[in-house]
Student: 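Below you'll find the structure I mean.
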Amino acid sequence: MAAEIHSRPQTSRPVLLNKIEGHQDAVNAAILIPKEDGVITVSEDRTIRVWLKRDSGQYWPSIYHTVSSPCSCLCYHHESKRVFVGQDNGAVVEFHISEDFNKMSHVKTYPAHQNRVSDILFSQESEWVVSTGHDKSVSWMCTQSGALLGRHCFSSWASCLQYDNDTQHVFVGDYSGQITLLKLERQTYSTITTLKGHEGSIGALCWDPVQRLLFSGASDHSVIMWDIGGRKGRTVLLQGHHERVQAVRYLQLTRQLVSCSSDGGITVWNMDTPREEAPQWLDSDSCQKCEQPFFWNLKQMWDSKTLGLRQHHCRKCGKAMCGKCSSKRSTYPLMGFEFQVRVCDDCHLTIKDEE
């Protein structure tokens with residue numbers, strides 16, 4: 001199979017190394033400190049904490065800082081020891097952590113949004129902080145002057161983002177299920193394209209700048225790989241979850257994609273596996289096999305004196321079918337369907353066991 005999915009607990013299970021306790025409310029973000037036994041966390045309880053592993057093997061807070069509003073998201077740049085924290089009141093606060101991780105100093109507060117900040121990224125090359133918020137906007141600010149450089153508004157909440165340092169392109173996912181690609185400049189921007197493929201709100205984005213691949217997870221339980229570098233509009237649909245996808249990470253060295261859903265499921269996708277692009281769903285007023293009318297085709301219903309049928313689609317060929325002509329179900333990992341989906345009778349006969 002293209003993804004390794006087990007319905008039952010396996011004998012080989014992850015080993016719990018440590019459990020960090022101390023926050024009084026939901027922890028919204030946690031980041032491991034590279035080359036250190038340390039973790040940075042932010043919470044709804046308005047605290048930012050830096051935890052270091054002690055000689056006893058336990059993690060204890062070396063920094064405990066309280067801000068004015070609940071902390072919604074976090075970004076950490078290890079080389080410069082800069083921490084950016086998004087807040088529920090729309091502000092983004094920048095801190096600097098000392099080399100020994102025992103002191104944190106306030107640097108700037110950016111008036112980024114009018115509502116809760118949903119995601120933050122920092123670009124050292126541009127010296128920009130880019131953020132999205134529940135005020136339906138993406139903002140980019142200069143870290144040297146603290147000034148707001150620009151803002152773009154959407155029709156829905158902006159939920160997550162990814163940024164390409166080389167081209168200054170930003171990908172913004174929103175609650176309508178769309179991903180907008182913008183080219184950012186100082187004081188201006190341009191809209192490049194809008195990626196449409198999900199049927200639910202975008203929960204997570206992951207960008208691979210080397211192969212120029214964008215991965216998105218959404219509440220429609222699916223993950224989509226967008227081949228941005230190929231410039232041919234190629235997309236690969238991956239369906240291996242039963243609930244909304246809320247995190248995706250791509251491991252470039254092993255060519256593996258890890259996706260997590262709200263029911264606790266974790267799926268590991270082997271992206272070296274040859275895959276077929278899922279077809280576009282075709283439009284038709286009648287079944288493309290038996291030619292029976294669908295329920296909105298009033299003329300054919302009247303002429304044939306029959307009741308209209310509900311329209312379905314074969315996931316393998318994309319044809320519009322009635323329920324009788326698409327009654328079969330099958331998995332098809334080559335197109336990313338790890339669970340059984342609707343296929344028409346003709347396509348069902350062509351699917352081989354080894355596929």
Side-chain angles (χ1 to χ4, degrees), residues 2-4 29 31-36 73-80 82 84 119-132 138 140 143 158-173 178-185 189-198 202-218 222-240 245-260 266-278 333-336:
E4 186 177 353
I31 295 179
L32 293 171
I33 301 174
K35 302 177 182 179
E36 296 282 344
C73 53
L74 169 68
C75 176
Y76 172 62
H77 187 258
H78 183 63
E79 286 72 20
S80 61
R82 298 158 87 175
F84 299 88
D119 203 358
I120 311 173
L121 285 175
F122 167 64
S123 170
Q124 187 178 34
E125 291 80 0
S126 306
E127 281 295 338
W128 289 354
V129 175
V130 187
S131 63
T132 54
V138 57
W140 55 104
T143 56
S159 53
C160 50
L161 66 92
Q162 287 288 278
Y163 181 74
D164 184 61
N165 286 304
D166 294 337
T167 62
Q168 294 184 331
H169 284 114
V170 63
F171 300 90
V172 181
Q178 296 183 2
I179 303 169
T180 304
L181 173 57
L182 302 171
K183 167 71 173 178
L184 303 186
E185 305 280 356
Y189 67 92
S190 56
T191 303
I192 305 302
T193 188
T194 301
L195 306 177
K196 300 178 181 179
H198 285 290
I202 309 297
L205 293 174
C206 181
W207 171 244
D208 174 24
V210 176
Q211 296 177 310
R212 305 196 67 76
L213 300 174
L214 179 70
F215 301 92
S216 59
S222 70
V223 177
I224 295 180
M225 183 196 80
W226 310 84
D227 187 0
I228 305 299
R231 298 180 179 273
K232 296 180 180 179
R234 178 174 177 264
T235 61
V236 174
L237 178 65
L238 306 172
Q239 292 191 323
V245 180
Q246 54 189 21
V248 288
R249 290 293 183 270
Y250 181 61
L251 310 177
Q252 191 181 94
L253 184 63
T254 58
R255 295 269 301 159
Q256 291 177 313
L257 177 70
V258 182
S259 55
C260 306
I266 299 176
T267 304
V268 181
W269 307 88
N270 179 9
M271 300 310 296
D272 276 334
T273 300
R275 298 184 186 277
E276 298 177 14
E277 187 173 2
L334 287 178
M335 282 187 181

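Note that these values count all heavy atoms, side chains included, but never hydrogens, waters or copies made by symmetry.
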Student: Between atom CG of Asp208 and atom CD1 of Ile228, what is the distance when rounded to the nearest 0.5 Å?
Tutor: 11.5 Å
Student: Between Trp128 and Thr143, does a side chain to side chain donor-acceptor pair (under 3.5 Å) hold up when you go through it step by step?
Tutor: CA-CA 6 Å; Trp128 289 354; Thr143 56; over 6 Å; no
Student: Closest heavy-atom contact between Gly203 and Cys160?
Tutor: C-SG, 4.1 Å
Student: Mind checking whether Thr194 and Lys196 have side chains closer than 4.5 Å, heavy atoms only?
Tutor: yes
Student: Verify side chain to side chain donor-acceptor pair (under 3.5 Å) between Asn270 and Gln256, making sure each step is shown before the conclusion.
Tutor: CA-CA 5 Å; Asn270 179 9; Gln256 291 177 313; over 6 Å; no
Student: Do Val130 and Val138 come close enough that some side-chain heavy atom pair is under 4.5 Å?
Tutor: yes
Student: Which pair of non-hydrogen atoms, one from Ser126 and one from Gln168, has the smallest distance, and what is that distance?
Tutor: OG-NE2, 3.3 Å
Student: Yes or no on side-chain contact (heavy atoms from CB on, under 4.5 Å) for Val248 and Val223, after CA distance, side-chain angles and deciding distance?
Tutor: CA-CA 8 Å; Val248 288; Val223 177; 4.3 Å; yes
Student: Out of curiosity, Trp269 CH2 to Leu238 CG, how far, rounded to the nearest 0.5 Å?
Tutor: 4.5 Å
Student: Where do Phe122 and Tyr163 land on the side-chain contact (heavy atoms from CB on, under 4.5 Å) test, with the steps shown first?
Tutor: CA-CA 9 Å; Phe122 167 64; Tyr163 181 74; over 6 Å; no
Student: Is it true that, when you exclude Arg249 itself, more than 12 heavy atoms of the residues, nucleotides or ligands shown sit nearer than 6.0 Å to its CZ?
Tutor: no
Student: Report yes or no: does Ser159 contribute a side-chain atom to a donor-acceptor pair with the main-chain N or O of Ile202 at less than 3.5 Å?
Tutor: yes
Student: Look up atom CG in Leu205 and atom CG in Asp119, then write down how far apart they are to the nearest 0.5 Å.
Tutor: 8.0 Å
Student: Is a side-chain donor or acceptor of Gln239 paired with a backbone partner of Ser222 at a separation under 3.5 angstrom?
Tutor: no
Student: What is the minimum heavy-atom distance between Ala158 and Thr132, and which atoms define it?
Tutor: CB-CB, 3.7 Å
Student: If you take all heavy atoms of Gly240 and Thr267, which pair is closest and at what distance?
Tutor: O-OG1, 3.4 Å
Student: Do Ile33 and Tyr76 pass the side-chain contact (heavy atoms from CB on, under 4.5 Å) test, and can you show the C-alpha distance, the side-chain angles, and the key distance before you say yes or no?
Tutor: CA-CA 8 Å; Ile33 301 174; Tyr76 172 62; 4.1 Å; yes
Student: Nearest 0.5 Å, what's the CG-OG1 distance between Leu214 and Thr235?
Tutor: 11.5 Å
Student: So that I can tick it off, tell me whether Glu127 and Arg82 are bridged by a salt bridge, with the cut-off set at under 4.0 angstrom between side-chain N and carboxylate O.
Tutor: yes
Student: Can you tell me how far OG of Ser216 sits from NE2 of His198, rounded to the nearest 0.5 angstrom?
Tutor: 2.5 Å
Student: Decide whether Gln211 and Tyr250 meet the rule of one side-chain donor and one side-chain acceptor closer than 3.5 Å.
Tutor: yes
Student: Are the charged groups of Asp164 and Arg212 less than 4.0 angstrom apart, N to O?
Tutor: yes
Student: Sort out for me which residue in Asn165, Val129, Val170 forms a side-chain contact (heavy atoms from CB on, under 4.5 Å) with Ser123.
Tutor: Asn165
Student: How many angstroms lie between atom CG of Leu181 and atom OG1 of Thr191, to the nearest 0.5 angstrom?
Tutor: 9.0 Å
Student: Under 4.5 Å between any side-chain heavy atoms of Leu121 and Leu161, yes or no?
Tutor: yes
Student: What's the shortest heavy-atom distance between Leu213 and Trp207, and which atoms?
Tutor: O-CE3, 3.2 Å
Student: So, for Phe171 and His169, is the gap between ring centers shorter than 6.0 Å?
Tutor: no
Student: Where do Lys183 and Thr167 come nearest, in terms of heavy atoms and distance?
Tutor: NZ-O, 2.6 Å
Student: Are Ile31 and Leu74 side-chain neighbours, meaning at least one heavy-atom pair lies under 4.5 Å?
Tutor: yes
